[in-house]
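In what follows, a single structure is set out as structure tokens and then discussed.
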Amino acid sequence: MNVQFAASTWLWTSPFSSDSVALFSKIRKIGFDAVEIAVEDPALIDTGILNRALKDNDIKPIICGAFGPTRDLTNEDPAIHKNCFNYIEQCFDICEAVGARFVAGPMYSAVGKARLVSPEQRKKEWDLAVTNLRKVCESAQKRGLSIALEALNRFETDLINNSEDLMKLINDINHPAARVLIDSFHMTIEEKNLADAVKTVGNKLIHVQVSENHRGIPGTGMTNWNDLKAGLEAVGYNGVISIESFTPNVQELAGAVCIWKPFAPTQDIFAEEGLKFLKQWAG
């Protein structure tokens with residue numbers, strides 16, 4: 001596959017700030033082509049410092065959003081919608097400053113909003129997601145950007161759990177700026193076949209995140225990597241494949257993603273072993 005590889009800053013730190021750019025030299029030295037920057041609080045990031053560090057280390061940026069209860073486009077409170085819109089606009093600002101092409105993430109709802117609700121409530125929230133994301137897409141298009149929407153597993157959302165859900169949402173949004181991010185971790189929980197899932201999203205796919213089915217080092221679990229590769233080859237994917245996992249050393253982050261122990265002696269070793277596997281797999 002003609003792809004590049006990235007590592008998420010969540011593998012080492014949270015929240016990302018201007019000081020976190022010190023990670024870039026290590027990420028580049030390990031052998032990654034890109035860095036996936038997890039933007040939890042845009043106010044912590046000086047885009048001038050960020051841009052210089054990216055150029056100094058010759059590393060490509062991917063911008064990933066974080067969507068909690070105060071950034072929920074399916075909430076009934078328009079004030080929360082406005083807060084989310086403002087946050088996404090700040091992420092777009094960062095994209096423009098550093099030359100990134102899209103903002104990625106499950107921006108349709110709050111992560112962790114997983115309930116059994118009535119069909120009427122489900123439709124109400126679905127319609128809110130469609131309406132609000134169309135507004136986000138219109139803003140993105142004006143800047144020459146896109147959004148990469150991500151399906152999450154059933155324990156993290158009740159709205160979009162697999163590629164079929166995601167494509168229904170994108171078709172309802174009906175805007176060219178609405179694109180797709182797939183994440184192998186969530187897919188191993190929710191999809192019947194990884195290759196078929198990738199084919200379902202087809203040419204809407206602009207970003208790929210990977211880890212193992214247990215969130216550990218790629219290649220150390222039960223993920224069907226052959227099927228995932230077959231799907232990516234079938235749709236002609238030639239973008240970035242990013243390792244996304246999380247450090248157990250940041251208590252708040254570890255609690256949010258339910259990581260209770262390390263997957264490697266160090267996070268650097270996690271990244272090194274993961275990249276080694278992915279390069280062999282893609283080749």
Side-chain angles (χ1 to χ4, degrees), residues 6-11 13-21 23-24 34-54 59-75 79-112 129 131-152 156-157 160 166 169-170 173 175-183 204 206-209 239-240 242 244 246 253 256:
S8 169
T9 55
W10 266 324
L11 196 58
T13 192
S14 173
F16 183 90
S17 69
S18 295
D19 292 338
S20 305
V21 301
L23 288 169
F24 293 175
V35 55
E36 185 174 301
I37 300 165
V39 180
E40 295 173 69
D41 183 355
L44 299 178
I45 301 173
D46 181 314
T47 55
I49 293 173
L50 178 59
N51 201 32
R52 284 194 296 275
L54 289 165
I59 197 163
K60 176 181 177 179
I62 304 290
I63 302 301
C64 181
F67 298 89
T70 63
R71 299 169 183 164
D72 181 2
L73 294 181
T74 63
N75 195 286
I80 292 180
H81 301 170
K82 183 178 180 181
N83 185 63
C84 189
F85 289 144
N86 290 340
Y87 165 71
I88 294 170
E89 290 295 333
Q90 289 175 298
C91 289
F92 287 159
D93 290 342
I94 295 172
C95 283
E96 288 189 319
V98 302
R101 299 185 297 112
F102 56 84
V103 174
M107 61 186 73
Y108 43 81
S109 184
V111 177
T131 298
N132 286 327
L133 285 173
R134 189 176 293 126
K135 294 176 183 177
V136 171
C137 286
E138 289 168 356
S139 177
Q141 187 179 50
K142 290 175 183 176
R143 296 172 181 251
L145 301 172
S146 300
I147 60 173
L149 297 171
E150 175 186 14
L152 301 180
E156 297 185 37
T157 186
I160 305 293
L166 193 51
L169 178 67
I170 284 176
I173 294 168
H175 194 285
R179 307 293 292 276
V180 169
L181 149 67
I182 61 169
D183 184 323
K204 290 291 185 180
I206 58 171
H207 190 47
V208 176
Q209 293 175 341
V240 173
S242 177
E244 187 201 48
F246 307 90
L253 177 65

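All residue numbers refer to positions in the sequence shown, counting from 1.
- Here the side chains of I88 and C84 are in contact, with some heavy-atom distance below 4.5 Å.
- The side chain to side chain contact (heavy atoms under 4.5 Å, CB included) search around V21 returns F16, F24, I49, L50, A53, not counting sequence neighbours.
- A side-chain contact (heavy atoms from CB on, under 4.5 Å) with L23 is found for one member of T13, L11, I37, V35 and no other, namely T13.
- Residues N132 and Y108 are not in side-chain contact: their nearest non-hydrogen atoms beyond the backbone lie 4.5 Å or more apart.
- A 4.5 Å side-chain heavy-atom check between L149 and L166 finds at least one atom pair inside the cut-off.
- Here S146 pairs with nothing under the side-chain hydrogen bond (donor to acceptor under 3.5 Å, both in side chains) rule; sequence neighbours left out.
- Between F85 and V136, the closest side-chain pair of non-hydrogen atoms falls below 4.5 Å.
- Side-chain contact between I94 and V39 is present, with heavy atoms from C-beta onward closer than 4.5 Å.
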| task | Tell me, with the steps shown, if H81 and K135 meet side chain to side chain contact (heavy atoms under 4.5 Å, CB included). | result | CA-CA 11 Å; H81 301 170; K135 294 176 183 177; over 6 Å; no
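- Both tests do not hold together for R143 against F92: distance to the six-membered ring centre under 6.0 Å, angle to the ring axis within 45°.
- In this structure, the side chains of F102 and H207 come closer than 4.5 Å at one or more pairs of heavy atoms.
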| said: Pair C64, Q209 - check side chain to side chain contact (heavy atoms under 4.5 Å, CB included), show working. | reply: CA-CA 11 Å; C64 181; Q209 293 175 341; 4.0 Å; yes
